[in-house]
Amino acid sequence: MSASAPGAGVDAGPALVALRALGLGDFVTAVPALRGLERAFPDHRRVLSGPAWYRELVDLAGLSWQVRPTEPLRTPPWGEARPPDIAVNLHGRGPQSTAALAALAPRRLWAHTLPGESGPTGPAWPGRVHDTEIWCGLLRAHGVTADPDDLWWPKPDDVPSGTASPRRRTASPHPNSVGRPSPDGAASAATAIVHPGASAASRRWPAERFATVVRHLSDSGMRVLVTGSRDERPLAERVARSAAPARVRVLAGRTGVRALARLVAESDLVVCGDTGVAHLATAYRTPSVRLFGPVSPALWGPRVDGGIHACLWSGTESDPHALVLDPGLASITADDVLSACGQVVSRADAPA
């Protein structure tokens with residue numbers, strides 16, 4: 001029996017529950033599917049089961065969902081007068097995540113079907129396709145239109161709470177360009193975000209190489225911010241020390257989700273690994289250089305604005321959860337990264 005939720009026993013109309021209890025990048029890649037569900041079920045109460053901090057991301061993405069805090073692979077708190085009308089597994093292939101939703105006894109359960117597993121009838125797990133396509137494909141199998149390239153977010157200042165999501169724009173250069181003029185006519189310093197952290201050692205490029213990139217970006221006149229979580233602050237400080245005498249501001253552990261999103265949206269360049277900040281760069285159309293190791297960018301890289309994003313990858317794959325640096329990622333040099341930085345910034349500055 002799942003835990004009771006606020007408003008237990010009250011019948012507030014048909015509800016749609018989507019499970020996505022994962023991380024930052026996972027939320028961003030689910031946005032096209034969440035937008036598709038909003039358009040298909042405008043009169044349903046829409047409940048997103050995931051971390052409590054997803055509330056800020058829902059607002060930033062311009063979505064209209066109630067976030068119900070839910071632990072990974074756990075049945076979402078419910079206890080309302082009737083079960084959900086629809087439950088959608090946007091969390092994983094199953095069977096644990098599908099079983100967690102099935103415990104709510106929804107009238108309809110949308111999930112992938114696994115060979116040899118009992119459960120709802122749905123499309124087979126698609127295998128090696130981009131994460132956004134996995135979830136949009138699940139919806140299409142049930143008659144819901146969802147565009148896997150519907151990834152752009154409004155600028156943070158343009159997001160009224162609970163508003164509908166913006167539609168895709170025609171491609172154009174990123175509005176923030178290196179050396180952009182300030183109101184008095186002088187060129188203002190461009191900003192680069194360098195994000196050295198990653199959740200697994202296999203996807204964490206060496207700190208000393210990040211420091212080399214930081215030093216060169218600073219020497220070129222850019223303002224460099226090193227970001228990360230609280231746990232990644234020692235890594236960020238190590239990068240900053242190794243980059244001396246470059247002037248660097250370490251913000252790791254000092255920014256919440258909203259502040260980090262604003263930094264990415266207002267910056268001119270993001271340099272990072274295959275991690276959540278990279279997906280924010282896609283959402284805000286901020287030029288980026290991304291270092292891929294054990295996982296192909298075809299599965300987790302940017303689907304849109306290819307001209308302003310560079311994905312460096314050796315072409316080999318390995319265990320993304322390994323405790324040692326992926327050999328392919330280790331083969332990427334600081335010169336490779338700096339060359340890519342120059343290319344994406346130049347393309348972003350080019351006239352449309």
Side-chain angles (χ1 to χ4, degrees), residues 1-8 12-41 44-59 61 63-80 82-114 117-126 129-144 146 148 165 199 257 276 279 300:
M1 183 75 177
S2 61
S4 295
L16 183 160
V17 178
L19 177 63
R20 185 74 168 175
L22 295 165
L24 171 58
D26 305 288
F27 177 90
V28 179
T29 57
V31 164
L34 295 172
R35 287 175 174 168
L37 289 168
E38 283 193 3
R39 292 190 291 268
F41 300 100
H44 279 60
R45 288 184 300 111
R46 295 177 296 276
V47 177
L48 177 59
S49 296
W53 53 271
Y54 270 12
R55 292 184 178 119
E56 289 189 279
L57 293 176
V58 164
D59 185 44
L63 296 169
S64 181
W65 290 73
Q66 173 199 349
V67 173
R68 189 160 294 179
T70 305
E71 294 297 320
L73 303 179
R74 296 292 184 90
T75 297
W78 198 251
E80 299 187 12
R82 57 173 163 169
D85 180 48
I86 307 169
V88 184
N89 185 358
L90 300 180
H91 185 90
R93 71 179 66 192
Q96 297 97 326
S97 49
T98 300
L101 285 175
L104 296 176
R107 190 171 71 88
R108 289 175 281 179
L109 174 54
W110 295 356
H112 290 94
T113 298
L114 294 178
E117 295 285 344
S118 61
T121 300
W125 184 256
V129 298
H130 196 281
D131 195 64
T132 57
E133 175 57 33
I134 291 174
W135 311 114
C136 289
L138 173 63
L139 300 191
R140 288 197 299 270
H142 290 280
V144 171
S165 62
S199 60
V257 172
H279 296 284
W300 284 95

Exercise. Please state whether the rings of W110 and F41 are parallel, tilted or perpendicular, taking 30° and 60° as the class boundaries.
Key: tilted
Quiz item: For the residue pair A18 and L34, what are the closest heavy atoms and their distance?
Solution: CB-CD2, 4.4 Å
Self-check item: Check: D59 side chain, E56 main-chain N or O, donor-acceptor pair, under 3.5 Å
Solution: no
Exercise. Run through L19, L138, V17 and flag the one making a side chain to side chain contact (heavy atoms under 4.5 Å, CB included) with V88.
Key: L138
Practice problem: Taking the side chain as every heavy atom from C-beta outward, state whether F27 and L63 have any pair of such atoms under 4.5 Å apart. | Solution: yes
Self-check item: Distance in Å, H91 NE2 paired with T70 OG1, rounded so as to fall on 0.5 Å steps
Solution: 10.5 Å
Self-check item: Beyond-backbone contact of L24 with H279, side-chain heavy atoms, under 4.5 angstrom
Solution: no
Quiz item: If every non-hydrogen atom of R140 is compared with every non-hydrogen atom of A146, which pair is closest and at what distance?
Solution: NH1-O, 3.4 Å
Exercise. Rounded to the nearest 0.5 Å, what's the gap from CG on L139 to CD1 on I134? Could you check?
Key: 12.5 Å
Exercise. Of all the heavy-atom pairs spanning A61 and R35, show the shortest one and how long it is.
Key: O-NH2, 3.3 Å
Quiz prompt | Donor-acceptor contact present, side-chain E38 to main-chain S64, <3.5 Å | solution = yes
Exercise. For the residue pair H130 and W300, categorise the inter-ring angle as parallel (less than 30°), tilted (30 to 60°) or perpendicular (more than 60°).
Key: tilted
Quiz prompt | Any donor-acceptor pair under 3.5 Å from T113 side chain to G122 backbone | solution = yes
Quiz item: Hey, is the main chain of G92 close enough, under 3.5 Å, to the side chain of N89 for a donor-acceptor pair?
Solution: yes
Quiz item: Is the gap between the ring centers of H112 and W135 under 6.0 Å?
Solution: yes
Quiz prompt | Backbone of L57 reached by a side-chain donor or acceptor of W53 within 3.5 Å | solution = no
Exercise. For residues P83 and W78, report the shortest heavy-atom separation together with the two atoms involved.
Key: CA-NE1, 3.7 Å
Practice problem: Kindly check if the number of other-residue, nucleotide or ligand heavy atoms within 6.0 Å of CZ (R74) is above 12? | Solution: no
Quiz item: Rounded to the nearest 0.5 Å, what separation is found between the CZ atom of R107 and the CG atom of D85?
Solution: 4.0 Å
Quiz item: Which heavy atom in I86 sits nearest to a heavy atom in H44, and how many Å separate them?
Solution: CD1-NE2, 4.3 Å
Practice problem: Indicate the atoms forming the closest heavy-atom contact of P32 with P148, along with that distance. | Solution: CG-O, 3.8 Å
Quiz item: Can any side-chain N or O of R20 pair as donor or acceptor with the backbone N or O of L90 at less than 3.5 Å?
Solution: yes
Practice problem: Decide yes or no for R55 and P69: does some side-chain heavy atom of the first lie under 4.5 Å from some side-chain heavy atom of the second? | Solution: yes
Quiz item: Do the side chain of Y54 and the main chain of S49 share a donor and acceptor less than 3.5 angstrom apart?
Solution: no
